[in-house]
Amino acid sequence: MSTIFSKIIAKEIPADIVYEDELVMAFRDIAPSAPVHILIIPKAEIATVNDVAPSHEAALGRLFTVAARIASDEGIADDGFRLIVNCNKHGGQEVFHLHMHLLGGRRLGPMLAK
Ligand code: AMP
């Protein structure tokens, strides 16, 4: 089922796009949790990590190379950053189009809320 991210990919709704190629797109999170908060998504409609298949490996690998490139472009690579992929209810997933959060720009603290 399509989500709001498919509409962003199709340019039907606006987003602050920072990177795009044939496999992935990256845009700034609308409700940032850190000074840098960018979502990197495959263009293929993959709902959750539970739905990944070998045919998605090129796009999913690209999420990491693009994350590294954006971290460098944003000037946060050396200080460091965090990549998060939430899955389903216990993971706190809200948008069911697989996405990687790139968070940085400050010390992020412990990995999990208690
Ligand atoms: P998750 O909880 O991992 O599913 O994260 C979904 C993220 O998508 C949240 O951080 C939202 O703030 C973000 N988000 C939802 N709608 C938009 C949008 N239209 N543009 C940018 N980010 C969005």
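The residues of the chain are indexed from 1 along the displayed sequence. Since the model is a prediction, treat every value here as computed from it, not as a measurement. We count ligands from 1, going down the list as the structure has it; atoms in each ligand are counted the same way.
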Discussion item. Tell me whether I30 has any N or O atom under 3.5 angstrom from an N or O of ligand 1.
Written reply: yes
Discussion item. So if I count the atoms of ligand 1 from 1 in the order they appear, which ones are less than 4.0 Å from some heavy atom of F5?
Written reply: 8 (O)
Fill in: Proximal candidate to atom 7 (C) of ligand 1 [heavy atom criterion; set D29, I84, I8, D16]
D29
Worksheet item: Side chains of T48 and Q93: donor-acceptor distance under 3.5 Å anywhere?
Response: no
Discussion item. Show me which atoms of ligand 1 lie under 4.0 Å from any heavy atom of H101.
Written reply: 1 (P), 3 (O), 5 (O), 7 (C), 10 (O)
Item to complete: Could you see which bit of N86 sits under 4.0 Å from ligand 1, with heavy atoms only: side chain, backbone, both or neither?
Response: side chain
Practice prompt. Supply the atom-to-atom distance E45 CD to H97 NE2, rounded to the nearest 0.5 angstrom.
Written response: 6.5 Å
Worksheet item: Short question: side chain of H56, backbone of A53 - any donor-acceptor pair under 3.5 Å?
Response: yes
Item to complete: Assess whether side chain to side chain contact (heavy atoms under 4.5 Å, CB included) is satisfied between V36 and I70, documenting all intermediate values.
Response: CA-CA 10 Å; V36 175; I70 294 172; 5.7 Å; no
Worksheet, complete the sentence: The atoms of ligand 1 lying under 4.0 Å from a heavy atom of F27, numbered in the order shown, are 21 (C)
Discussion item. Checking a contact table here: which protein heavy atom is nearest atom 6 (C) of ligand 1, and how many Å away?
Written reply: H99 NE2, 3.5 Å
Practice prompt. Taking only Lys NZ, Arg NE, NH1 and NH2, and the carboxylate oxygens of Asp or Glu, determine whether R62 and E22 approach each other closer than 4.0 Å.
Written response: yes
Worksheet entry | ligand 1 contact on F96 by region, counting heavy-atom pairs under 4.0 Å | neither
Discussion item. Looking at R69 and E74, is there a salt bridge between them, counting it only when a charged N and a carboxylate O are closer than 4.0 Å?
Written reply: no
Worksheet entry | atom 2 (O) of ligand 1 - nearest protein heavy atom and its distance | G92 O, 3.0 Å
Worksheet entry | Closest non-hydrogen atom pair between I17 and F27, with its separation | CA-CB, 3.9 Å
Discussion item. I'd like to check whether H37 has a polar contact with ligand 1, where a contact means an N/O of the residue lying under 3.5 Å from an N/O of the ligand.
Written reply: no
Discussion item. Test your reading of the structure: does Q93 have an N or O sitting under 3.5 Å from an N or O of ligand 1?
Written reply: no
Fill in: Which segment of R28 sits under 4.0 Å of ligand 1 when only heavy atoms are counted
backbone
Discussion item. So does D21 get a backbone contact from the side chain of K43, meaning a donor-acceptor N/O pair under 3.5 Å?
Written reply: yes
Item to complete: Give the atoms of ligand 1, by number and element, whose distance to some non-hydrogen atom of A31 is under 4.0 Å.
Response: 12 (O)
Worksheet entry | Sub-4.0 Å heavy-atom approach of A15 to ligand 1 | no
Discussion item. What I want to know is whether I4 and ligand 1 share at least one N or O pair that is separated by under 3.5 angstrom.
Written reply: no
Worksheet entry | Exercise: identify the closest heavy-atom pair between G105 and P35 | O-CG, 3.6 Å
Worksheet item: Any chance CG of N50 has more than 12 other-residue heavy atoms, nucleotides or ligands included, within less than 6.0 Å?
Response: yes
Discussion item. If you measure every N or O of V95 against every N or O of ligand 1, does any of those distances drop under 3.5 Å?
Written reply: yes
Worksheet item: What part of L39 sits under 4.0 Å from ligand 1 if we count only heavy atoms: the side chain, the backbone, both or neither?
Response: side chain
Worksheet, complete the sentence: Among non-hydrogen protein atoms, atom 4 (O) of ligand 1 lies closest to E94 N, 2.6 Å
Item to complete: Measure up the H99 and F5 rings against each other and bin them: parallel (under 30°), tilted (30 to 60°), perpendicular (over 60°).
Response: perpendicular
